[in-house]
Novice: 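Here it is, the structure, as structure tokens.
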Amino acid sequence: MYRRLSAAEAAELIHHGDTMALSGFTPNDNPKAIFRELSKRAIRLHEKGEEFQVGILTGASSCQSVEGDMAVAKAIKFRAPFSTNKDFRTHTNLGEVDYEDMHLGHMAERLRHGFYGEVDWAIIEVSDMVEGDKECRAYLTSAGGIVTTIARLAKHVILEHNQFHNPNSKYLHDTYEPADCWQNRGPIMVLKPYDRLGENYVSIPAEKIVGVIESNIPEEARSFPDVNAETLQIGLNVAELLSRDIQAGRIPKCFLPIQSGVGSTGNAVLKALGTSPLIPQFNVYSEVIQDAVVDYMLEGKVLDASCAAMTVTNEALRKVYDNMDYFSKHLTLRQSEVANSPEVIRRLGVIAMNTALECDLYGNENSSHICGSALMNGIGGSCDYIRNGYISIFTTPSTAKGGTISAIVPMCSHIDSTEHDVDFIVTEQGFADLRGKGPLRRAEEIINNCAHPDYRPLLREYLKLAPMGHEPQHMRAALAFHDTFLRKGDMRLTDFSEYL
């Protein structure tokens, strides 16, 4: 049996400057016990005037115990590839954290190529393990992430055996890791969303394992607000545009797999698709599934699902564990390199649906930064899917903060997905089909169908001011909405005269 460590003992093994790579994808399958002690240790060391910061590499965002508490403790030197945590956001915007916002599908390969240097520690949450003299078979919990890669690259491994999870979660996993490009890499042979290619465990050399922490900690799961009239209408608009494409023969009647990003709007869209008589039964090929997908799988609306994480409440997670005979045959948890593989996404014809902070008149999209500077989240896996999806959809409420912010602006203050990759923009006002349209026709479509009525006159006025060109922009007025909001707290400027 491997050495058992308390979380506090394990935290004492981590040194200033170490790089830690973690299991998990979103708040699920994150090692929590060691980080609850590590953030306390960092505070104690800082109070004594000693340095203590570490690098944290994960498959996606993580949880409060990892990036929130560590950011508050000023214990994060470098972080990649994604975050949605409020405390982390605050301290990053204060310039305290060196944060690389990176495509989730690239993370494992970039680690293998040495882009992040050496990995000192892999900290992996497991639901079960087989403790061999030469090899440990580690069984993951509610997510895949980048575990197969970090277990192989790390100098040392600590396992958190979290008994909150059902050990039968092993039957959901596929830990296949693609070869590198110089190894005559073949295609990833996922031909149907449920297909599995590898083992359901991660193999770790026994000599790497420093110890095992026993814990029983629920997931620090995020619950999302209930569907409201606005998010429901966005979902209904998505259902309508997809049903139109089915009727027009642009989507086959058997339908195509769905991907949806994390968040309240994404969950609302999935709920609308699940209840719409216009949408047939469908499969899910996504980086995450949320509560709505679990419910629709049990009801038969969703047939099979593939993801890198169950980003669900603990109540929904229990539904999966209580119905393991069913879910083990219909749900696959993958490593993120496969879940977010452009090759697989394109081959399966995935319909990609993600959430935007803002979109501009020509279809460019910003999902990560407020007014160009302040980090909100990150791109996550949205670009992996949007760039390679059969149809690429961005959803957003047309306004925020009581109408003082418009999600449709003359020019995005930061761009994550370009106009070349966006097929539809959807708000509660309607949807803009940007396919087969040049810039001016796209602008007209977006203003008429997506912008809030309070902002349509201003957006039309902007277009009249912009000089002629293929994609007209008035450089002094392009960010007038954002500038006015920063100065006055409301984007609804009277006119553009002060910018001319």
Side-chain angles (χ1 to χ4, degrees), residues 68 71-72 83-97 99 101 224-226 228-231 233-234 263-265 268 354-379 394-417 425-430 432 443 446-466 473-500:
V72 171
S83 175
T84 58
N85 181 271
K86 182 178 184 297
D87 287 327
F88 177 87
R89 179 188 315 144
T90 297
H91 288 274
T92 299
N93 284 328
L94 290 171
E96 296 174 1
V97 180
Y99 167 56
D101 184 13
F224 297 108
D226 292 335
N228 57 32
E230 185 177 62
T231 54
Q233 189 58 54
I234 291 172
S264 56
T265 302
N354 289 276
T355 305
L357 286 176
E358 64 182 5
C359 300
D360 70 24
L361 292 177
Y362 302 117
N364 298 294
E365 177 275 340
N366 169 23
S367 57
S368 62
H369 288 76
I370 296 172
C371 289
S373 299
L375 175 71
M376 182 62 185
N377 296 305
I379 56 172
F394 273 108
T395 60
T396 178
S398 64
T399 61
K401 301 290 185 183
T404 61
I405 294 175
S406 174
I408 307 301
V409 295
M411 178 187 282
C412 283
S413 59
H414 175 95
I415 293 176
D416 293 306
S417 290
I425 295 171
V426 185
T427 71
E428 82 285 356
Q429 301 293 325
I446 292 168
I447 293 171
N448 292 340
N449 296 311
C450 296
H452 190 277
D454 288 355
Y455 287 93
R456 288 175 190 170
L458 284 168
L459 293 166
R460 293 189 180 108
E461 182 184 350
Y462 174 80
L463 281 179
K464 292 178 181 177
L465 295 173
Q473 295 284 12
H474 191 293
M475 287 295 100
R476 293 183 62 187
L479 298 176
F481 279 25
H482 303 86
D483 178 63
T484 303
F485 177 77
L486 291 172
R487 290 187 293 111
K488 300 180 180 179
D490 195 327
M491 285 187 175
R492 289 171 291 196
L493 70 167
T494 304
D495 56 43
F496 290 93
S497 58
E498 64 181 298
Y499 296 96
L500 301 182

Novice: Checking Ser497 now: which residues fulfil side chain to side chain donor-acceptor pair (under 3.5 Å) with it, not counting sequence neighbours?
Specialist: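 Partners of Ser497 by the side chain to side chain donor-acceptor pair (under 3.5 Å) criterion, ordered by chain and then number, come out as Asp495.
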Novice: Could you tell me whether the side chain of Lys464 reaches within less than 4.5 Å of the side chain of His474, counting heavy atoms only?
Specialist: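 No, every pair of side-chain atoms sits at 4.5 Å or beyond.
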Novice: What residues form a ring-ring contact (aromatic ring centres under 6.0 Å, His included) with His414, not counting sequence neighbours?
Specialist: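 For His414 the ring-ring contact (aromatic ring centres under 6.0 Å, His included) partners, ignoring immediate neighbours, are His369.
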Novice: So do Tyr99 and Leu375 actually touch side chain to side chain, heavy atoms under 4.5 Å?
Specialist: yes
Novice: Can you sort out the partners of Thr427 under side chain to side chain donor-acceptor pair (under 3.5 Å), two or more places apart, ordered by chain and number?
Specialist: none
Novice: Please enumerate all residues that pass ring-ring contact (aromatic ring centres under 6.0 Å, His included) together with Phe485, with sequence neighbours excluded.
Specialist: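 ring-ring contact (aromatic ring centres under 6.0 Å, His included) check on Phe485 returns nothing, list empty.
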Novice: Any side-chain to backbone donor/acceptor pair from Asn366 onto Ser368? Under 3.5 Å, distance only.
Specialist: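 It does hold such a pair.
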Novice: If a pair satisfies salt bridge (Lys or Arg N to Asp or Glu O under 4.0 Å) and one of its residues is in residues 479-492, list it, with sequence neighbours excluded.
Specialist: Asp454-Arg492, Asp483-Arg487, Arg487-Glu498, Asp490-Arg492
Novice: Take Ser398 and Glu428, measure what side chain to side chain contact (heavy atoms under 4.5 Å, CB included) needs, and give me the verdict at the end.
Specialist: CA-CA 7 Å; Ser398 64; Glu428 82 285 356; 2.5 Å; yes
Novice: Looking at Gly403, is its backbone amide N or carbonyl O close enough to the side chain of Tyr455 to form a donor-acceptor pair, meaning the two atoms are under 3.5 Å apart?
Specialist: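 Here the side-chain-to-backbone pair exists.
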Novice: Find out whether Ser367 and Thr355 are in side-chain contact, i.e. whether some heavy atom of one side chain is under 4.5 Å from a heavy atom of the other.
Specialist: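 Heavy-atom side-chain distance check fails, nothing below 4.5 Å.
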Novice: Under 3.5 Å, is there a donor-acceptor pair between the side chain of Asn364 and the main chain of Met411?
Specialist: no
Novice: State which residues pass ring-ring contact (aromatic ring centres under 6.0 Å, His included) with Tyr499; sequence neighbours excluded, sorted by chain then number.
Specialist: none
Novice: Do Cys359 and Ile446 make a side-chain contact, defined as non-hydrogen atoms from C-beta onward lying under 4.5 Å apart?
Specialist: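 With C-beta onward as the side chain, the pair stays apart.
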Novice: Using the rule side chain to side chain contact (heavy atoms under 4.5 Å, CB included), only one of Gln429, Arg460, Arg456 pairs with Asn448; which is it?
Specialist: Arg460
Novice: Going by the salt bridge (Lys or Arg N to Asp or Glu O under 4.0 Å) test, which pairs reach into residues 355-369, not counting sequence neighbours?
Specialist: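 Passing the test, one end in residues 355-369: no pairs.
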Novice: Using the test side chain to side chain donor-acceptor pair (under 3.5 Å), find all partners of His452 that sit at least two apart in sequence or belong to another chain.
Specialist: none
Novice: Quick check: closest heavy atoms across Ala71 and Asp87, and the distance to 0.1 Å?
Specialist: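 That closest heavy-atom pairing would be CB-O, 4.1 Å.
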Novice: Is there side-chain contact between Ile408 and Ile447, with at least one heavy-atom pair below 4.5 Å?
Specialist: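 Counting from C-beta outward, Ile408 and Ile447 never come under 4.5 Å.
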Novice: Only counting residues at least two apart or in another chain, list the ones meeting side-chain contact (heavy atoms from CB on, under 4.5 Å) with Ile370.
Specialist: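 Only Leu357, Ala374, Met376 meet the side-chain contact (heavy atoms from CB on, under 4.5 Å) criterion with Ile370.
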Novice: Using the side chain to side chain donor-acceptor pair (under 3.5 Å) criterion, which residues pair with Thr84? Sequence neighbours excluded.
Specialist: Arg222
Novice: So, using ring-ring contact (aromatic ring centres under 6.0 Å, His included) as the criterion, who are the partners of Tyr362 when residues are at least two apart?
Specialist: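 Applying ring-ring contact (aromatic ring centres under 6.0 Å, His included) to Tyr362 gives none.
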Novice: List the residues meeting side-chain contact (heavy atoms from CB on, under 4.5 Å) with Lys401, not counting sequence neighbours, and say none if there are none.
Specialist: Thr404, Ile405
Novice: Taking it one step at a time, do Glu96 and Phe88 satisfy side chain to side chain contact (heavy atoms under 4.5 Å, CB included)?
Specialist: CA-CA 10 Å; Glu96 296 174 1; Phe88 177 87; over 6 Å; no
Novice: Return yes if a side-chain donor-acceptor contact under 3.5 Å exists between Thr231 and Asn228, otherwise no.
Specialist: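 Side-chain D/A pair, Thr231 to Asn228: present.
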